[in-house]
Amino acid sequence: MLAAGAITLALGMATQQPAHAEDKPYQVQDGKVDRGTYNGYRRYGNACERCHGQDGAGSSFAPNLTESLKRLSHEQFMEVVINGRQNVTSSQQSVMPPFGQVEDVVLYIEDIYAYLKARSDGAIGPGRPQRMAN
Amino acid sequence: MFRKIAVSAAALGLCISGASANEELLRLQRDPNQWVMPTGNYANHRYSELNQITRDNVAQLRPSWSFSTGVLRGHEGGPLVLGDMMYIHTPFPNKVFALDLKEPGKIVWRYEPSQDPSVIAVMCCDTVNRGVSYGDGKIILAQADAKVVALDAKTGKVAWSVTNGDPGKGETMTAAPMVFGDKVLVGISGGEFGVRGHVTAYNLKDGSMAWRAYSVGPDNEILFDPQKTTSLGKPVGPNSSLQSWEGDQWKIGGGTTWGWFSYDPELNLVYYGSGNPGTWNPAQRPGDNKWSMTIFARDATTGQAKWVYQMTPHDEWDYDGVNEMILSDINVRGRPVKALVHFDRNGFGYTLNRETGELLVAEKFDPVVNWATKVDMQTGRPEVVKEFSTRQGGEDTNTQNICPAALGTKDQQPAAFSPRTSHFYVPTNHVCMDYEPFRVSYTAGQPYVGATLSMFPPKGAQHMGNFIAWDASEGKILWSKPERFSVWSGALATAGDIVFYGTLEGYLKAVDVRDGKELFSYRTPSGIIGNVNTYTHNGKQYIAVLSGVGGWAGIGMAAGLQGDTEGLGAAGAYRSLANYTQLGGVLTVFALPN
């Protein structure tokens with residue numbers, strides 16, 4: 001019993017560093033990003049940028065995602081991307097389409113999240129991120 | 001004075017109304033007291049004979065009255081004026097207001113269609129609409145949901161309504177219709193959704209379809225006669241479009257038609273341009289991708305193509321060819337020509353013979369344009385620079401510092417032509433880009449882009465826009481006035497020898513046609529992406545414009561420009577558009593003090 005507890009504790013300590021890294025969906029080293037985050041940047045460009053603007057910074061017709069991701073949880077982000085969201089009133093016509101059936105989004109949704117989270121956290125600046133060497 | 005002009009114009013109208021020209025509209029557009037078409041006249045001149053406001057007194061111009069549209073998104077296009085009535089429109093939900101000029105701003109009728117809001121999500125770059133058209137006692141509206149609706153001009157009651165496309169496939173409408181003869185011509189938007197573009201003529205009387213012509217596909221669907229339809233004087237031959245695509249890629253081949261239309265009643269030809277081919281990733285669509293990025297001249301009665309000219313074969317930069325075709329009778333290199341002048345997204349200003357499609361001039365209208373060195377005047381093809389070719393760079397390669405950006409040296413914001421100077425006054429963008437194409441899959445009704453872009457001002461530039469004067473005879477910039485942001489507003493030239501345009505910060509400006517010297521500026525409530533017009537009421541000249549920042553230009557609203565991190569130096573001096581303006585649709589009408 002005690003031994004088991006010790007093992008758990010040891011495991012917990014051993015995984016502390018990696019667990020912390022896993023909190024962040026992206027990796028940035030010397031200003032360069034991992035493959036997934038880089039791919040997220042490109043997929044963002046295909047599916048999201050025309051509304052949410054360059055660098056996720058928003059436009060006159062869609063919100064600034066670097067701000068939104070400070071509030072939205074990972075789960076909420078997934079929910080909105082997959083199912084879409086409408087906020088239509090007499091003064092506002094915001095419509096996010098559901099991307100649940102769109103291959104180029106669904107397959108890379110974690111990458112897109114990683115990119116936007118990195119932008120939101122200020123871990124990467126605007127523009128095209130540099131990719132880490134393999 | 002004004003009546004005199006109107007009468008002589010009507011007489012002139014009779015002389016040339018050969019074919020199916022709508023007598024009423026021809027007569028009305030020659031009356032400078034009214035503004036009866038979004039483009040001013042069939043030739044897209046955006047010019048007025050009114051001369052009460054001149055270079056000497058324009059500084060005294062002030063707002064006379066204003067009207068809120070109650071809609072926040074980007075307000076492109078501009079008001080129509082017919083007699084005592086003004087008609088204005090809004091972006092989605094596409095409201096139309098008929099305003100009484102006798103009691104300025106009083107609403108005579110209003111129309112608001114009920115549209116499925118999911119259409120908003122398939123509109124690229126904001127939910128803009130470029131205006132309504134008048135003909136046969138009706139106001140024609142091209143709605144976002146691809147319905148064409150005819151409203152009784154007096155009451156706003158729906159006379160007829162037809163479906164022109166399927167928003168479920170990404171087909172929407174943003175372009176202003178054009179009434180000609182007994183028909184109305186409309187296009188289709190959705191260039192970022194793999195939509196196959198077409199133009200369609202509906203009969204004004206009941207909305208029945210007269211003809212439809214696709215931009216890409218088999219000859220019988222693009223209404224080409226392999227022997228009679230020509231390109232640079234030569235017959236195009238059979239299957240000219242199909243042969244320029246691999247397999248059945250033409251079915252998602254793009255070539256949407258979201259720009260302006262013009263019409264020559266004497267030649268009975270309509271003119272317009274087509275947009276980008278399919279995905280922005282050129283590697284996924286080998287071939288010339290005809291007839292995307294093309295100027296079309298079609299018989300107005302049958303839709304048959306008389307001539308075509310593809311400006312950007314196998315597009316690698318998203319240089320849509322939809323900008324307005326301005327029909328001007330000018331001297332080109334000393335010879336009088338029935339010309340068509342076009343300022344393309346790709347940065348070249350083209351002058352063609354509009355009867356034959358012969359290419360006469362093709363020169364850069366911004367010196368920073370670098371993707372091609374020049375246009376070969378024999379073949380009509382641009383000489384592409386390898387360094388800036390995203391195709392040669394290849395998929396997953398970031399091709400850098402291409403000028404212009406995908407926004408083009410000029411987008412849809414229409415230029416003006418003054419017959420008094422024979423020169424063109426052109427709102428332009430001064431923006432470059434990095435462009436990385438990558439593989440994408442097509443899903444109906446979903447974005448089909450396939451490239452990531454970064455946009456920024458040219459190296460060392462202190463500004464992102466220019467308002468220029470252009471000589472289409474020689475292909476030369478006469479003067480160029482820098483603007484902080486892209487000039488995304490349609491210009492107006494007048495017989496007062498001044499030119500009006502709006503800026504993204506919200507200023508309405510007037511400049512001298514001679515040198516571009518700024519004579520007047522007034523800050524309206526929001527950024528201007530609308531087009532300026534002029535008219536008279538009770539003998540007094542007014543200038544009207546819609547404010548309401550948005551559109552593709554609104555992308556810069558928050559993002560502004562790349563930061564210093566990109567090493568762009570001067571770019572760091574810019575702050576985003578959001579620091580200058582906020583959303584909100586407002587009509588502002590200006591006049592000289594009494």
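Each chain gets a letter, A, B and so on, in the order the sequences are listed, and its residues count up from 1. Computed from a prediction, not measured in an experiment: that's the story for all the values here.
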Problem set entry | Contact check, side chains of A:Ser60 and B:Gln582, non-hydrogen atoms, under 4.5 Å | no

For this session: Please examine the side chains of B:Pro91 and A:Phe61, heavy atoms only from C-beta on, and report whether any two atoms are closer than 4.5 Å.
Result: no

Seminar exercise, completed: Bottom line for A:Tyr38: the part with an atom under 4.5 Å from chain B's heavy atoms is side chain

Problem set entry | Under 4.5 Å from a heavy atom of chain B, the part of A:Tyr41 involved | both

With chain A, which of [options] has the greatest number of heavy-atom pairs at distances under 4.5 Å?
| options | result |
| --- | --- |
| B:Ser441, B:Ala121, B:Pro93 | B:Ser441 |
| B:Gly74, B:Gly551, B:Gly70 | B:Gly551 |
| B:Leu72, B:Thr127, B:Asp396 | B:Asp396 |
| B:Thr443, B:Val71, B:Val440 | B:Val440 |

Contact winner vs chain B - [options], heavy-atom pairs under 4.5 Å:
| options | result |
| --- | --- |
| A:Arg43, A:Arg50, A:Glu49 | A:Arg50 |
| A:Gly56, A:Ala62, A:Pro97, A:Cys51 | A:Pro97 |
| A:Val88, A:Val105, A:Asp104, A:Thr66 | A:Asp104 |

Exercise. Side chain, backbone, both or neither: which part of B:Asn281 has a heavy atom under 4.5 Å from chain A?
Worked result: neither

For this session: Could you look at B:Phe193 and say if it's the side chain, the backbone, both or neither that has a heavy atom under 4.5 Å from chain A?
Result: side chain

Problem set entry | Audit row: B:Asn398, A:Arg128, side-chain contact (heavy atoms from CB on, under 4.5 Å) steps and yes/no | CA-CA 9 Å; B:Asn398 190 35; A:Arg128 181 180 189 266; 2.9 Å; yes

Exercise. Relative to B:Phe438, does A:Arg42 satisfy both conditions: NZ or CZ under 6.0 angstrom from the six-membered ring centre, and within 45 degrees of the ring's axis?
Worked result: yes

State whether the number of non-hydrogen atoms from other residues, nucleotides or ligands found under 6.0 Å of [X] atom [atom1] is greater than 12.
| X | atom1 | result |
| --- | --- | --- |
| A:Gln76 | CD | yes |
| B:Glu112 | CD | yes |
| A:Gln130 | CD | no |

Exercise. To the nearest 0.5 Å, what is the distance between CD (B:Gln446) and CG (A:Asn46)?
Worked result: 10.5 Å

